[in-house]
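What follows is a set of notes on a single structure, which appears directly below.
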Protein chains: 2
Amino acid sequence: MARPEKRTTLREVAEATGLSTAAVSYALRGKQVSKETEERVRKAAADLGYEADPIARALASGRTSMIGVLAGDLQDLWQQHLMAAIGRELLAGDRYALILDAGGDPARELALAKQLRDQRVDGLLVSPVDPSAEGWSKIADTVPVVSIGDALSRARTAGEVLFDNRAGIDAVLDYLRGLGHRRVTVLTPTGPSTPDRPADVYVREAADRLGIEVEVLPCAQELGEATAVARRVLAAGGGGAAGGDRGAVGDGGLAGGDGSVAGGGRPNAVFCFSDSIAYGVYAAAAEASLTIGRDISVVGFDDHPVSRVLTPPLTTVDWGLTDIAKEAARLAVAAIEGRRVRRKRILCAPRLSERGSALRVPE
Amino acid sequence: MARPEKRTTLREVAEATGLSTAAVSYALRGKQVSKETEERVRKAAADLGYEADPIARALASGRTSMIGVLAGDLQDLWQQHLMAAIGRELLAGDRYALILDAGGDPARELALAKQLRDQRVDGLLVSPVDPSAEGWSKIADTVPVVSIGDALSRARTAGEVLFDNRAGIDAVLDYLRGLGHRRVTVLTPTGPSTPDRPADVYVREAADRLGIEVEVLPCAQELGEATAVARRVLAAGGGGAAGGDRGAVGDGGLAGGDGSVAGGGRPNAVFCFSDSIAYGVYAAAAEASLTIGRDISVVGFDDHPVSRVLTPPLTTVDWGLTDIAKEAARLAVAAIEGRRVRRKRILCAPRLSERGSALRVPE
DNA sequence: TTGAAAGCGTTACCAT
DNA sequence: ATGGTAACGCTTTCAA
């Protein structure tokens with residue numbers, strides 16, 4: 001193993017054909033050479049098994065054919081799915097996705113973005129944890145950036161595939177209100193270091209407007225952690241929610257009732273800002289012998305495929321993942337190639353998939 | 001945007017310090033320089049905002065600090081999860097994961113592996129679709145390869161994190177047999193181009209030995225497609241399975257009964273070679289109003305986190321994903337750094353997580 | 001259309 | 001310990 005067996009180089013092809021390296025370089029890229037020599041060169045290259053060295057090419061040209069893809073938090077199953085889709089999309093266009101995970105940490109996110117730029121990625125696709133961070137500006141000035149989800153408010157991006165979070169949140173709160181809910185617990189992936197995510201801010205506004213009382217609690221995406229948070233929320237019972245003091249762990253007790261919410265009051269409604277978090281609620285509910293869609297209402301966000309396999313299927317907000325991946329890739333590639341595009345800002349409309357995890361509050 | 005604003009180079013730092021580029025290069029890497037100048041250089045570099053250009057470094061040193069990670073099929077949620085975990089693991093060691101998806105196609109898999117090698121990845125982590133392919137040999141001779149899952153039978157790999165599929169399959173078949181099942185439908189992600197995957201071969205052997213009749217059917221990982229296949233399997237009803245003729249689409253009908261298997265005979269048992277596929281069975285069962293764990297038995301493979309959130313939770317085989325990611329990364333890094341390791345072959349033992357999706361056959 | 005040569009920014013070898 | 005200087009393999013002016 002590890003016998004690097006010298007690759008054939010451009011020079012060797014040049015010698016074999018009696019041309020200069022420049023001519024060969026052009027020929028192989030089909031530029032300013034006669035059809036005739038192009039053929040000849042191509043054949044020689046094939047015979048010698050020549051393939052351009054991407055690194056040398058990158059150093060000389062400044063381009064790598066790699067696109068950095070920075071996920072805010074890959075613990076989120078939906079983001080995993082999105083990254084996979086983006087990777088496929090880019091690969092179809094002969095580009096590589098260099099996928100990195102910020103793990104929900106805004107500082108790390110910016111650091112990784114810089115590292116990607118240093119790796120000379122041709123472009124950067126980012127699903128930001130902290131879209132309003134100052135640092136994006138400098139990065140977006142150095143490399144074409146396409147943001148997915150929220151807009152990078154401080155940066156001049158090359159494109160945006162935005163989710164209409166306001167409309168999505170409105171739709172969900174409206175829906176819950178229509179079912180009779182007046183108190184809703186919101187579980188958001190936002191960490192303590194990023195208190196002002198657009199969705200978090202907006203959900204309070206919307207709730208106020210609709211006369212709904214919300215309690216917004218932070219929650220990790222990873223199933224175990226999400227379950228732990230959900231456990232506390234459910235244990236708090238009734239229409240309210242767990243204490244806002246995130247340090248406190250609650251009493252660890254579960255809702256005592258079997259088939260009815262502890263306290264016997266109005267059913268709890270939990271609005272999760274990602275389906276992954278909602279799965280934690282399903283897990284915690286099962287532990288507490290609460291039936292989702294009867295004893296408690298749950299609504300997700302983003303619509304991961306498995307959400308429809310749960311019992312009951314999870315009511316959630318769908319943005320159309322496939323199109324998102326396609327559009328994001330398209331925008332990035334267009335920017336890289338210096339092409340002008342009609343719309344650099346795509347706004348995805350929410351589709352509320354009503355599936356049975358939320359119940360009507362009995363009179 | 002795209003004003004590359006010249007990065008500071010090594011030469012500039014050299015000029016600023018009055019040293020040679022060589023000295024600076026060494027100093028920054030803490031090699032053969034006096035503590036004193038190292039300090040001085042570091043300071044100057046910091047002041048100038050110098051950071052080494054990874055591309056230039058790669059060209060000169062032959063190393064990129066990137067590790068190629070080739071997934072057999074990223075439609076599989078478990079593989080998505082694994083790739084995310086590996087990415088985190090590598091990043092923790094200051095290496096990048098260049099994640100690519102073969103989409104279940106063996107030819108594509110080899111092509112991508114070659115491309116990754118050409119990209120000068122320092123090492124290659126692969127979860128192979130076709131572990132017995134000839135092509136691995138040449139690749140493994142050029143770059144350190146660590147395979148995950150099945151061993152690359154024709155290649156000299158730098159390490160292996162293998163799943164004891166035989167033991168896993170034995171465990172499941174034993175278990176199903178203990179529940180009284182004598183006919184089992186096996187859904188495998190294997191495509192027509194890779195007919196002889198180790199697991200597919202072995203499951204027949206094991207079934208013969210145990211006196212179980214198996215029917216092995218190919219099935220895509222993507223939920224929609226998996227559901228379609230499962231639909232046909234369930235429609236076939238009884239203890240048997242869908243016709244072996246993969247071209248035929250069946251009649252598209254669903255099991256007619258409500259709460260009992262069509263034909264009224266012994267419950268069907270479906271053994272899925274990935275949890276993703278099992279989710280398709282859940283979906284199809286719901287459509288047909290069949291209750292999993294009562295009307296039909298389902299067992300998965302690989303244990304994705306959401307499997308325990310389903311109703312009923314999916315009985316499946318766990319290999320310990322976190323450790324797999326850790327070990328694979330460790331082996332790859334060790335090989336790259338030329339370190340010797342005690343065990344280059346890790347064998348993961350299966351743990352059958354019995355969770356209620358399989359039922360005892362009534363007498 | 002083709003060739004010569006100057007980079008691209010490091011690393012690593014060989015002197016000193 | 002430090003400096004000089006070839007590589008590394010390609011792209012890209014600039015001339016011919």
Side-chain angles (χ1 to χ4, degrees), chain A residues 4-42 44-45 48-66 115 117-122 142 336-338, chain B residues 4-42 44-45 48-66 117-122 336-338:
Chain A
E5 58 173 275
K6 278 228 163 315
R7 297 167 56 98
T8 35
T9 73
L10 192 62
R11 176 142 43 218
E12 301 180 88
V13 180
E15 282 164 5
T17 53
L19 291 169
S20 71
T21 59
V24 174
S25 173
Y26 284 131
L28 257 21
R29 284 176 297 157
K31 301 216 159 193
Q32 30 178 316
V33 279
S34 62
K35 265 271 176 272
E36 186 180 28
T37 51
E38 174 168 344
E39 270 312 302
R40 192 159 54 94
V41 170
R42 248 182 233 304
L48 294 173
Y50 169 80
E51 276 173 80
D53 182 329
I55 301 295
R57 169 171 287 169
L59 183 59
S61 71
R63 253 163 283 116
T64 55
S65 77
M66 286 196 289
Q115 287 186 39
R117 181 203 50 195
D118 290 348
Q119 282 287 339
R120 289 267 209 293
V121 292
D122 296 341
T142 320
I336 290 167
E337 296 179 350
Chain B
E5 58 174 276
K6 277 227 163 320
R7 297 167 56 99
T8 34
T9 72
L10 193 61
R11 176 143 40 216
E12 300 180 87
V13 180
E15 282 164 7
T17 54
L19 290 171
S20 70
T21 59
V24 173
S25 174
Y26 285 129
L28 258 21
R29 285 176 296 158
K31 301 216 160 192
Q32 31 176 314
V33 278
S34 63
K35 265 272 177 266
E36 186 180 26
T37 51
E38 174 167 344
E39 271 311 304
R40 193 159 54 93
V41 170
R42 246 181 236 303
L48 294 173
Y50 169 80
E51 277 174 79
D53 183 330
I55 301 296
R57 168 171 289 170
L59 182 59
S61 72
R63 254 164 282 118
T64 54
S65 75
M66 287 197 288
R117 181 202 51 195
D118 291 347
Q119 281 287 339
R120 288 271 205 289
V121 293
D122 296 341
I336 289 167
E337 295 179 349

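Any value given below was found using the heavy atoms of this structure, including those in side chains, with hydrogens, waters and symmetry copies removed. Here is the naming used below: chain letters follow the sequence lines, and residue numbers restart at 1 for every chain.
- Atom CD of A:Glu15 and atom P of D:dC10 are 12 Å apart (whole Å).
- Closest to the side chain of A:Tyr50, out of C:dG9, D:dC10, D:dT5, is D:dC10.
- Comparing D:dT2, C:dA12, C:dG9 by their closest approach to the side chain of A:Leu59 singles out C:dG9.
- Taking atom CD on B:Glu12 and atom P on C:dC8, their separation rounds to 11 Å, with Å as the unit.
- The side chain of A:Arg57 lies closest to D:dT11 when the candidates are D:dG9, C:dT2, D:dT11.
- Remark: C1' of D:dT13 and NZ of A:Lys31 are 14 Å apart, rounded to the nearest angstrom.
- Between B:Val33 and B:Val41 there is no side-chain heavy-atom pair separated by less than 4.5 Å.
- The backbone N or O of A:Glu12 lies less than 3.5 Å from no partner atom in the side chain of A:Glu15, so there is not a single donor-acceptor pair.
- Among the atoms of the strands shown, none is found under 4.0 Å from any heavy atom of B:Ile55.
- Comparing C:dG9, D:dG3, C:dT2 by their closest approach to the side chain of B:Tyr26 singles out D:dG3.
- When side chains are defined from C-beta on, B:Val13 does not count as touching B:Thr8, because their heavy atoms never get closer than 4.5 Å.
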Step-by-step side-chain contact (heavy atoms from CB on, under 4.5 Å) determination, B:Thr17 to B:Arg40: CA-CA 8 Å; B:Thr17 54; B:Arg40 193 159 54 93; 4.1 Å; yes
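- For C:dT11, the OP1/OP2 oxygens have no side-chain nitrogen or oxygen of B:Ser61 closer than 4.0 Å.
- Out of D:dG9, C:dT10, C:dG3, the shortest distance to the side chain of B:Leu10 is found at C:dT10.
- One atom, CG of A:Leu28, and another, P of D:dT11, lie 8 Å apart when rounded to the nearest Å.
- Counting non-hydrogen atoms under 4.0 angstrom, B:Glu51 reaches the backbone sugars and phosphates but no base.
- Remark: C1' of C:dT2 and CD of A:Glu36 are 13 Å apart, rounded to the nearest angstrom.
- The side-chain heavy atoms of A:Val24 and A:Tyr50, taken from C-beta on, include no pair separated by under 4.5 Å.
- The side chain of B:Thr21 lies closest to C:dT11, out of D:dG3, D:dC10, C:dT11.
- Atom CZ of A:Arg7 and atom P of D:dA7 are 20 Å apart (whole Å).
- The side chain of B:Arg120 lies closest to D:dG9, out of C:dG9, D:dG9, C:dG3.
- Mapping B:Ala56 and B:Ser34 onto DNA chain D via the closest heavy atom, the residue that lands nearer the 5' end is B:Ser34.
- Nearest nucleotide to the A:Ser25 side chain, out of D:dT11, C:dA12, D:dG3: D:dT11.
- For the pair B:Asp53 CG and C:dG7 C1', the interatomic distance rounds to 14 Å; values are reported in whole Å.
- In this structure, B:Glu39 places its CD atom 18 Å from C1' of D:dT2, rounding to the nearest Å.
- At least one side-chain nitrogen or oxygen of A:Arg29 sits closer than 4.0 Å to the OP1 or OP2 atom of D:dT12.
- Base contact: B:Ala22 has a heavy atom under 4.0 Å from a base atom.
- Among the atoms of the strands shown, none is found under 4.0 Å from any heavy atom of B:Ala58.
- Considering every non-hydrogen atom in both A:Ala27 and A:Glu38, the closest pair reads O-CG, 3.7 Å.
- Minimum atom distance to the side chain of A:Thr37 is reached by C:dT2, of the listed C:dT2, D:dG3, C:dG9.
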